[in-house]
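Some notes on the structure that comes next.
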Protein chains: 2
Amino acid sequence: MAQTPGPGRQVQIAHIATQHYLQNKTRIEIANETGLSRFKVGRLLDEAVSSGIVRIDIQSPSGMRLDLSVQLKDRFGLMHAVVVDVPSDSDDVLQARLGSTAGDLLSEILTDNDVLGLTSGRTLSAMARSLSSLPKCGVVQLAGVAGPIQETGLEIMRRISAIAGVRPWTIYSPLVMSDAQAAVGVRRQPDTSQTFEQFSRVTVAVGAIGSWQPENSQMIKNRALDTSDREKLLARGVVAEFGATLITDTGEVIHDIDDRCIAISEKQWRAIPTVIAVAGGPTKTRAIRAILASGLLHGLVTDSATAERLLGG
Amino acid sequence: MAQTPGPGRQVQIAHIATQHYLQNKTRIEIANETGLSRFKVGRLLDEAVSSGIVRIDIQSPSGMRLDLSVQLKDRFGLMHAVVVDVPSDSDDVLQARLGSTAGDLLSEILTDNDVLGLTSGRTLSAMARSLSSLPKCGVVQLAGVAGPIQETGLEIMRRISAIAGVRPWTIYSPLVMSDAQAAVGVRRQPDTSQTFEQFSRVTVAVGAIGSWQPENSQMIKNRALDTSDREKLLARGVVAEFGATLITDTGEVIHDIDDRCIAISEKQWRAIPTVIAVAGGPTKTRAIRAILASGLLHGLVTDSATAERLLGG
DNA sequence: ATGTCGTTTGCTCATATGAGCATTGGGTAT
DNA sequence: ATACCCAATGCTCATATGAGCAAACGACAT
């Protein structure tokens with residue numbers, strides 16, 4: 001960094017910099033007005049930057065960490081990466097911010113011709129609550145219900161389809177069944193099977209991420225999974241779930257209980273052009289990293305602390 | 001101001017803006033790297049500014065208020081205007097900051113071929129104390145001594161000439177004599193008269209400003225001015241002194257006691273190519289305004305609160 | 001479908017700008 | 001004085017950029 005120029009020169013630089021940067025005059029105009037040569041004006045403007053008189057700051061007006069977003073995008077080859085700065089430690093605040101940001105992203109990229117796929121999860125509920133308008137696109141539920149009743153995917157589907165003004169394709173069933181037989185039965189239901197047929201039409205999907213290690217997921221707490229199931233899956237290295245797709249630290253997908261799940265399959269996930277995950281917080285970091293490694297995602301909405309952990313490790 | 005774009009677009013804009021503003025890539029380079037057209041890149045950069053994602057801040061790294069400096073310069077037709085931001089209310093801090101800034105300005109504009117003229121005053125003492133180097137220019141005292149001994153122009157002259165490495169032209173005499181006769185006598189002294197002969201060679205002068213209303217000046221407190229003198233001059237509208245030049249609100253120069261003063265005359269002041277005043281604080285505002293109105297000054301160093309008062313009224 | 005409107009995109013061409021070089025000028029050592 | 005050096009200045013010419021326009025597109029109503 002160049003050393004500070006004298007005060008008189010600082011004033012001159014400030015004057016020229018104001019004319020140029022704040023009033024969009026060209027160097028040539030400024031040169032004519034001040035009697036300097038355009039070269040001198042150009043050199044003073046260079047000095048304005050190098051001496052720190054002109055500071056150029058790039059940051060979102062709405063609390064986004066654009067620098068981290070860009071890094072995340074580059075590092076993990078994502079199409080969409082959005083990092084929000086959440087000052088509070090409160091989990092509720094985090095969910096709300098992530099949800100509303102994901103909602104903004106969704107309103108931005110969705111068009112009339114898209115078909116939107118959704119899973120359930122607290123963050124997605126927050127997203128549904130914050131959305132206020134959407135194009136008239138199709139809305140498809142991608143997985144059964146895993147959590148307590150008030151946070152079900154059904155509530156999310158209800159709200160989002162209402163906003164879009166269309167009838168949603170829903171799945172009235174739990175995410176995991178206790179045995180494969182029961183799952184087959186559910187999949188045979190007309191409503192469910194019609195929804196399953198929509199999966200291939202989905203163009204944009206938004207999903208929550210569940211963590212298995214530490215356990216922060218509706219799925220792993222589900223009664224249909226007994227202790228032995230859980231232990232076997234954990235032994236296989238499962239650390240994250242996305243819909244009902246189970247993933248290890250290396251990004252490998254574990255298919256052991258696919259036949260008991262009522263949800264979009266890995267293959268179908270991969271056929272969707274734009275898959276976006278929304279998740280944040282310390283307990284989810286490992287799971288997010290795993291799902292990024294799997295290559296399932298094209299987009300991620302997370303918080304700045306988590307983004308830093310993802311980039312740092 | 002345009003409304004905030006969606007988060008995905010914000011990230012894209014941030015990326016492009018970073019490349020352009022922080023890494024100095026051309027729009028064309030960015031276009032090639034991102035696959036966008038150069039026009040699109042240009043439009044996104046426009047949006048970066050209009051949406052507030054890129055903020056361009058013009059301010060001095062060293063606590064100067066460049067915006068006010070520029071305004072002052074324009075409003076009063078000055079060549080040099082320097083406004084420092086002084087957070088403290090302490091008069092000592094104010095003097096120190098003004099002095100050191102004036103010193104910086106002086107080091108900046110003085111060359112070997114200049115001849116520097118100085119008056120006395122607290123602020124100029126502070127300037128002398130803060131100066132650390134000067135070119136080998138001539139140094140001339142422009143007025144007799146008005147204040148208490150430790151703040152005399154003599155101390156200032158001693159220090160500044162030592163820094164410049166030259167012999168100064170000094171005036172060992174009070175600023176005001178009690179009668180014209182005495183003044184004639186002083187002016188006849190060889191030392192004094194030699195110094196007076198230098199006045200016409202002075203190219204850069206720095207002077208303090210004294211306020212007569214409210215009374216904040218060494219001159220008005222001088223014992224050589226009795227109550228009746230003071231009252232007469234105040235009745236004539238004197239509000240400020242610069243050296244021994246007395247000035248009214250309208251900028252008119254009052255010559256009533258010129259014959260009793262040992263100092264550079266108005267005419268000689270006006271012959272100096274660069275005359276700079278250093279003064280600040282609420283009590284000096286009116287005086288500064290008066291001297292600006294007189295057209296004696298080419299430069300002013302002051303504090304931000306005073307600058308705002310000067311510009312505001 | 002068809003036409004219309006408003007928006008987005010890329011084009012042309014005149015203009016602004018940067019890189020690198022030659023010139024100047026002032027200070028310094030011989 | 002003379003030669004030398006370094007910094008500051010302004011030049012030429014190739015390149016980057018902006019203004020304004022025209023084509024393409026998409027949403028919507030008819």
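Just so it is clear, the model here is predicted, and its values are computed rather than measured. Here is how names work: the chains are called A, B, and so on, in the same order as the sequence lines, proteins then strands, and each is numbered from 1.
- Remark: B:Ser37 is in phosphate contact with C:dG10, judged by side-chain N or O atoms under 4.0 Å from OP1 or OP2.
- The CG atom of B:Asp112 sits 14 Å away from the C1' atom of C:dG25 (whole-angstrom rounding).
- B:Leu66 has its side chain within reach of A:Gln10: a pair of non-hydrogen atoms, C-beta onward, lies under 4.5 Å apart.
- Between A:Lys25 and A:His20, the closest side-chain pair of non-hydrogen atoms is not below 4.5 Å.
- Mapped onto DNA chain D by nearest heavy atom, A:Thr111 and B:Gly42 fall at different nucleotides, with B:Gly42 at the one closer to the 5' end.
- Here the side chains of A:Ile53 and B:Ile58 are in contact, with some heavy-atom distance below 4.5 Å.
- Going from atom CG of B:Leu45 over to atom P of D:dA19 covers 13 Å, rounded to whole Å.
- Here the side chain of B:Thr26 is nearest to one of D:dA19, D:dT12, D:dA16, namely D:dA16.
- A:Ile28 places its CD1 atom 12 Å from the P atom of D:dC11, with the value rounded to the nearest Å.
- Contact annotation: the side chain of B:Leu118 never approaches that of B:Leu142 to less than 4.5 Å [non-hydrogen atoms, C-beta and beyond].
- Atom pair B:Asn113:CG and C:dG26:P shows a separation of 8 Å (rounding to whole Å applied).
- For D:dG18, the base has no donor-acceptor partner in the side chain of B:Arg43 [N/O atoms by modelled type, under 3.5 angstrom].
- For the pair B:Leu44 CG and D:dT17 P, the computed distance is 14 Å after rounding to whole Å.
- In this structure, CD of A:Gln12 is placed 13 Å from C1' of D:dA8, rounded to the nearest angstrom.
- If you check distances only, the side chain of B:Arg38 does reach the base of D:dG18 with a donor-acceptor pair under 3.5 Å.
- Look at B:Arg27 and you won't find any side-chain N or O under 4.0 angstrom from OP1 or OP2 of D:dA16.
- Residue A:Asn32 contributes atom CG, which lies 13 Å from atom P of D:dG10 at whole-angstrom precision.
- Distance B:Asp46 CG to D:dG20 P: 13 Å, rounded to the nearest Å.
- For the pair A:Ile16 and A:Leu36, the minimum side-chain heavy-atom distance is below 4.5 Å.
- Residue whose closest nucleotide on DNA chain D sits further toward the 5' end, between A:Lys40 and B:Glu29: A:Lys40.
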